[in-house]
Amino acid sequence: MKHDLTETTFIIPLRIDSKDRLNNLYCNLAYLTKYFDTNVIVLEADKESKVEKLISEYKDKNITHVFLNDNNSYFHRTKFLNIMLDMVKTKVTVNYDVDVLFPVSA
């Protein structure tokens with residue numbers, strides 16, 4: 001049974017700087033779509049997209065992928081969070097980190 005979080009959007013800003021981070025994104029998207037009926041926005045800021053193919057596997061799951069061409073060596077997390085907050089249309093927003101997985105209880 002999925003938990004109803006249709007009025008919630010998880011926002012995930014990221015830059016894929018390792019294979020582990022890409023795997024974490026995969027695990028999180030699989031987890032979120034398995035246990036929750038919700039919305040997800042993934043903002044990827046980098047020189048080229050490394051997650052576009054992965055995100056396309058979830059096209060029917062209310063996941064939005066935003067790619068921003070970003071040549072900065074520093075990842076401006078707050079800037080990207082603000083961009084995603086402007087995109088959110090739900091009552092609740094979860095500032096989610098791709099390196100964290102929270103447990104589901106019944």
Side-chain angles (χ1 to χ4, degrees):
M1 178 179 96
K2 284 189 177 186
H3 296 274
D4 182 6
L5 294 179
T6 53
E7 280 302 318
T8 301
T9 301
F10 291 81
I11 57 175
I12 307 172
L14 59 79
R15 177 175 289 158
I16 302 298
D17 55 4
S18 70
K19 219 173 193 179
D20 286 339
R21 179 120 333 119
L22 183 60
N23 189 48
N24 290 353
L25 176 63
Y26 176 80
C27 290
N28 270 287
L29 292 179
Y31 181 80
L32 290 171
T33 58
K34 179 178 180 178
Y35 291 106
F36 304 101
D37 187 10
T38 193
N39 307 282
V40 179
I41 300 172
V42 176
L43 185 146
E44 178 186 19
D46 209 338
K47 295 175 186 172
E48 62 183 52
S49 179
K50 296 179 178 115
V51 303
E52 189 170 359
K53 183 179 176 186
L54 171 67
I55 299 286
S56 69
E57 295 176 24
Y58 293 93
K59 62 184 170 206
D60 300 331
K61 302 290 186 181
N62 292 331
I63 297 177
T64 302
H65 174 238
V66 177
F67 175 76
L68 294 178
N69 192 327
D70 183 19
N71 293 318
N72 291 311
S73 58
Y74 181 77
F75 185 75
H76 296 277
R77 183 175 179 85
T78 303
K79 173 185 170 183
F80 303 135
L81 287 171
N82 286 330
I83 291 169
M84 288 185 289
L85 284 170
D86 284 342
M87 298 173 64
V88 172
K89 294 177 175 61
T90 56
K91 294 178 183 178
V92 178
T93 304
V94 178
N95 176 2
Y96 202 68
D97 190 303
V98 75
D99 298 323
V100 174
L101 199 63
F102 64 88
V104 174
S105 59

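- Side-chain contact check for Ile12 versus Val40: some heavy-atom pair is nearer than 4.5 Å.
- With Thr64 contributing its side chain and Ile41 its backbone, the two residues share no donor-acceptor pair below 3.5 Å.
- A distance-only check finds no donor-acceptor pair linking the side chain of Asp46 to the backbone of Asn69 [under 3.5 Å].
- The side-chain heavy atoms of Leu5 and Asp37, taken from C-beta on, include no pair separated by under 4.5 Å.
- The aromatic rings of Phe102 and Phe36 sit tilted relative to each other, their planes meeting at an angle between 30° and 60°.
- Phe80 and His76 have perpendicular rings, their planes meeting at more than 60° on a 0 to 90° scale where under 30° would count as parallel.
- Glu44 places a side-chain N or O within donor-acceptor distance of the main-chain N or O of Lys50, the cut-off being under 3.5 Å.
- In this structure, the side chains of Thr9 and Ile11 come closer than 4.5 Å at one or more pairs of heavy atoms.
- Put simply, the side chain of Leu25 reaches to within 4.5 Å of the side chain of Leu54, judged on heavy atoms.
- Heavy atoms only, all atoms of each residue included: Thr90 and Thr8 are closest at OG1-C, 3.6 Å.
- When hydrophobic clusters are built by joining Ile, Leu, Val, Met, Phe, Trp and Tyr residues whose side-chain heavy atoms come closer than 4.5 Å, directly or via intermediates, Val98 is grouped together with Tyr35.
- Nearest heavy atoms, Ala45 versus Phe75: CB-CE1, 4.0 Å.
- Proximity of Glu7 to Val92: side-chain heavy atoms (C-beta onward) are nowhere separated by under 4.5 Å.
- A donor-acceptor contact closer than 3.5 angstrom is absent between the side chains of Ser18 and Asp20.
- For Asn71 (side chain) and Ser73 (main-chain N/O), no donor-acceptor pair under 3.5 Å exists by modelled atom type.
- With contacts defined as side-chain heavy-atom distances shorter than 4.5 Å, the pair Tyr96/Asn28 qualifies.
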- From CA spacing to verdict: salt bridge (charged side-chain N to carboxylate O under 4.0 Å, His left out), Arg21, Asp99: CA-CA 7 Å; Arg21 179 120 333 119; Asp99 298 323; 2.9 Å; yes
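- In the model, Asn95 has a side-chain atom that pairs as donor or acceptor with a side-chain atom of Arg77 under 3.5 Å.
- Shown here is Glu57, whose CD atom has more than 12 heavy atoms of other residues, nucleotides or ligands within 6.0 Å.
- For Tyr26, the OH atom is loosely surrounded, since the number of other residues' heavy atoms within 6.0 Å does not exceed 12.
- Val42 has its side chain out of reach of Val66: every pair of non-hydrogen atoms, C-beta onward, lies at least 4.5 Å apart.
- Heavy atoms from other residues, nucleotides or ligands lying under 6.0 Å from OH of Tyr31 number more than 12.
- Between the OG1 atom in Thr38 and the CG atom in Asp4 there is a gap of 9.0 Å [rounded to 0.5 Å].
- Residues Ser49 and His65 form a side-chain contact, since some pair of their non-hydrogen atoms from C-beta on lies under 4.5 Å apart.
- Taking CD1 from Ile55 and NZ from Lys61, the interatomic distance works out to 13.5 Å, rounded to the nearest 0.5 Å.
- Of the possible polar contacts, none joining the Asn23 side chain to the Lys19 backbone as a donor-acceptor pair under 3.5 Å is found.
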